[in-house]
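Note that the structure is predicted; figures quoted are calculated from it, not measured.
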Amino acid sequence: MEKDNANPTILNTSQLPTRKGKRGRKVQRDVGSRITDMMRKPQYLSDPFYDISWSDDTESDDEFTAEPIDEQEVYDLISTISDPEHPLSLGQLAVVNLPDIDITPSPSVAADPNALTRVLVKITPTITHCSLATVIGLGVRVRLEQALPPNYRIDVMIKEGSHSQDDQVNKQLADKERVAAALENDTLKGVLDKMLETCV
């Protein structure tokens with residue numbers, strides 16, 4: 001099979017956006033301190049008059065704080081999808097980019113977790129005449145529909161001006177009947193399964 005773009009620009013994995021340094025996540029304690037806590041003899045066994053407190057103020061029941069699904073998490077879900085032409089991920093080829101992901105309404109901890117949420121992902125093909133742009137968009141849609149809660153509505157589009165036929169590709173990606181029919185095609189389903197093998 002001849003490739004549309006035999007020499008795409010490739011990003012190093014260290015150049016991809018990550019969540020490093022983000023506040024709000026609690027680091028798990030190391031295994032040694034957890035084992036010591038488990039092996040320590042509880043005070044109520046050595047002191048018969050010990051008043052057992054049922055709440056422990058030193059540790060919370062939840063080791064992690066609740067966080068809404070944000071653009072970084074959506075990026076993490078789709079950046080590892082394999083390109084159908086190259087042995088690289090969509091993140092490495094810059095087909096998906098963090099600034100091109102939009103969640104409406106904006107994620108917040110106070111938001112209703114069951115409220116209807118729209119996720120818009122704009123993909124950038126490696127070349128303007130990419131024949132697999134629709135397949136890539138379909139792969140992104142399938143991955144997000146499998147991974148996100150049912151109250152999330154997924155829209156995948158070609159970024160304006162990045163493809164010679166972006167209007168036609170966007171119509172195909174927005175047409176629910178066409179998407180459903182494409183997912184019933186065994187050959188296309190095989191391509192999508194191969195693309196999603198690298199997702200964790």
Side-chain angles (χ1 to χ4, degrees), residues 3-25 67-108 111 116-149 151-176 178-179 182 188 191-200:
K3 296 181 180 180
D4 278 349
N5 186 0
N7 193 18
T9 303
I10 301 169
L11 297 176
N12 189 329
T13 51
S14 64
Q15 295 172 302
L16 300 177
T18 64
R19 193 179 293 280
K20 287 183 183 174
K22 180 156 174 141
R23 296 177 315 185
R25 291 196 183 252
E67 289 185 2
I69 295 172
D70 62 359
E71 288 85 355
Q72 178 68 52
E73 192 162 348
V74 171
Y75 177 82
D76 292 343
L77 288 169
I78 61 176
S79 66
T80 57
I81 298 172
S82 290
D83 184 81
E85 264 189 330
H86 303 283
L88 300 164
S89 72
L90 297 183
Q92 289 174 305
L93 292 170
V95 173
V96 293
N97 298 294
L98 187 58
D100 296 333
I101 298 171
D102 184 51
I103 299 179
T104 310
S106 250
S108 71
L116 189 62
T117 305
R118 178 180 183 238
V119 177
L120 172 64
V121 178
K122 294 182 181 178
I123 59 174
T124 309
T126 56
I127 52 172
T128 57
H129 57 278
C130 179
S131 61
L132 295 171
T134 308
V135 175
I136 292 170
L138 192 58
V140 169
R141 173 184 287 281
V142 168
R143 172 67 174 142
L144 292 177
E145 286 178 350
Q146 289 174 349
L148 294 177
N151 62 312
Y152 279 71
R153 298 296 176 257
I154 314 301
D155 289 324
V156 179
M157 298 175 62
I158 300 292
K159 193 170 182 181
E160 192 174 330
S162 65
H163 195 277
S164 57
Q165 298 175 332
D166 55 1
D167 288 340
Q168 292 170 346
V169 175
N170 286 339
K171 272 186 194 173
Q172 290 176 352
L173 291 173
D175 187 341
K176 291 180 183 181
R178 240 184 227 190
V179 169
L188 189 53
V191 171
L192 291 173
D193 289 343
K194 183 82 174 153
M195 288 172 64
L196 299 177
E197 278 179 356
T198 54
C199 298
V200 232

Main chain of [Y], side chain of [X]: is a donor-acceptor contact present, judged purely on distance under 3.5 Å?
X	Y	answer
Asn97	Pro99	no
Thr128	Ser164	no
Asp166	Gly161	yes
Asn170	Ile158	yes

When the side chains of residues 132-149 are checked against the rest of the protein, which donor-acceptor pairs come out under 3.5 Å, sequence neighbours left out?
from, atom 1, to, atom 2, distance (Å)
Thr134, OG1, Gln172, OE1, 3.0
Arg141, NH1, Glu145, OE2, 3.2
Arg141, NH1, Ile154, O, 3.1
Arg141, NH2, Ile154, O, 3.3
Arg141, NH2, Leu173, O, 3.1
Arg143, NE, Leu77, O, 3.0
Arg143, NH2, Val200, O, 3.2

Which heavy atom of [X] sits nearest to which heavy atom of [Y], and what is that distance?
X	Y	result
Val119	Tyr152	CG2-CD2, 3.5 Å
Pro107	Asp70	CG-CA, 3.9 Å
Ser162	Pro125	OG-CD, 3.4 Å
Lys122	Leu120	CE-CD2, 3.8 Å

*Does any non-hydrogen side-chain atom of Cys130 lie less than 4.5 Å from one of His163?*
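Heavy-atom side-chain distance check passes, below 4.5 Å.
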
*Side chains of Thr117 and Thr104: closer than 4.5 Å at any heavy-atom pair?*
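Sidechains of Thr104 and Thr117: no contact.
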
*Decide side-chain contact (heavy atoms from CB on, under 4.5 Å) for Ile101 and Ile78; before the verdict, give the C-alpha distance in whole Å, the side-chain angles of both, and the deciding distance to 0.1 Å.*
CA-CA 11 Å; Ile101 298 171; Ile78 61 176; 4.2 Å; yes

